[in-house]
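Okay, so here's the structure we're looking at.
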Amino acid sequence: MTVRELIRQSEAMLDDKDKDCNVAKVLFYHLAHKEPHQLYLMMDEEVDEQLYQDFQSGMKRYLDGEPIQYIKGKETFFSRDFTVNENVLIPRYETEELVENILYRIDDYFGDYERIQLCDVGTGSGAIAISLALEEEKLNVVATDISHEALEVAKLNAQELGANVKFYQGDMLQPLIDNDMKFDIFVSNPPYIPNEQDIENVVKDNEPHIALFGGNDGLYFYRKIFASVKDVIQEKALLAFEMGFDQRALMEQAVEYYFPHTPYEIIKDINGKDRMLFIYYHLKDKL
Ligand code: GLN
């Protein structure tokens with residue numbers, strides 16, 4: 001069978017089952033180690049037996065409901081390829097915006113710092129921590145996760161991408177408190193989906209629930225962080241979080257309770273949804 005025939009046949013099957021047709025090419029590029037433009041030059045070549053088998057087994061997993069990112073074992077985040085598996089959340093586009101917005105604020109508020117201490121709590125695949133470490137050389141980056149399995153993935157990513165990040169295992173802020181660390185920038189994308197919220201099957205059936213669900217109203221981990229974060233930040237600090245698009249009112253209440261008179265802002269993602277929270281702790285008087 002030629003590459004063209006295999007792709008055509010698979011696209012038709014995906015279409016029949018109302019699945020994303022692009023997956024056929026995406027999976028093929030990945031398994032054949034080709035770039036999209038190279039695929040067109042090999043359309044009339046025969047597909048070798050091993051590649052054919054691997055392709056069919058990947059397609060079967062996809063049709064059975066697994067995300068393509070876990071099948072490939074990779075997802076691109078901030079222009080770099082991260083290893084992912086079922087022990088970590090798949091990095092999302094929205095989270096690239098969080099990274100970008102943190103980088104802007106580093107320039108705005110920490111321009112005159114020689115070194116900046118930053119932590120990422122609940123790092124998962126390490127996407128946020130590693131991207132920041134590679135994008136801003138003034139940063140010393142520490143990342144934590146409660147999951148040993150997630151930390152294995154994050155450490156592998158740091159090594160493969162050449163990022164200098166220190167990893168600690170433990171629950172939320174505990175490893176930071178135990179090691180008496182203080183940060184200029186505190187970052188977290190904690191689990192924030194309310195426990196009873198209906199989410200897409202492909203997410204619910206495959207991604208780690210420990211990385212998704214944040215208690216009855218989704219704010220469990222933010223409140224936990226807000227309650228003790230002052231123990232691990234400097235006198236002046238930036239706190240940066242990803243949040244759920246429907247959490248603005250609850251989040252404002254929580255921030256105003258734990259950080260009275262502290263300027264903060266909630267920023268929308270490119271889809272116009274509330275997505276990021278920045279708290280300017282002693283960094284400026286008002287917004
Ligand atoms: N944005 C993710 C989703 O909607 C959730 C990420 C999180 O809980 N931190 O699937």
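Counting convention: from 1, in listed order, for ligands and their atoms alike. Atoms considered below: every heavy atom in the structure, side chains included; atoms not considered: hydrogens, waters and symmetry mates. Given the structure is predicted, the values throughout are model-derived calculations rather than measurements. For the single chain, residues carry numbers from 1 onward in sequence order.
Here the heavy atom of the protein found nearest to atom 3 (C) of ligand 1 is Arg92 NH2, 3.6 Å. Taking atom 1 (N) of ligand 1 as the reference point, the nearest protein heavy-atom neighbour is Tyr192 OH, 3.0 Å. Nearest protein heavy-atom contact of atom 4 (O) of ligand 1 is Ile193 CD1, 4.1 Å.
Near Leu89, meaning under 4.0 Å from any of its heavy atoms, are these atoms of ligand 1: 6 (C). Of all atoms in ligand 1, listed by their number and element, those nearer than 4.0 Å to a heavy atom of Ala211 are 7 (C), 8 (O).
Using the six-membered ring where Trp is involved, Tyr280 and Tyr109 have ring planes that are tilted, between 30° and 60° apart. Ring pair Tyr113/Phe110 is perpendicular by interplanar angle, where above 60° counts as perpendicular and below 30° as parallel. The aromatic rings of Phe186 and Phe241 sit tilted, their planes meeting at an angle between 30° and 60°.
Polar contact check, Pro190 against ligand 1: a nitrogen or oxygen pair lies under 3.5 Å apart.
The backbone N or O of Glu5 sits less than 3.5 Å from a side-chain atom of Thr2, completing a donor-acceptor pair.
Residues Asp145 and Thr123 bring no donor and acceptor atom of their side chains to less than 3.5 Å of each other.
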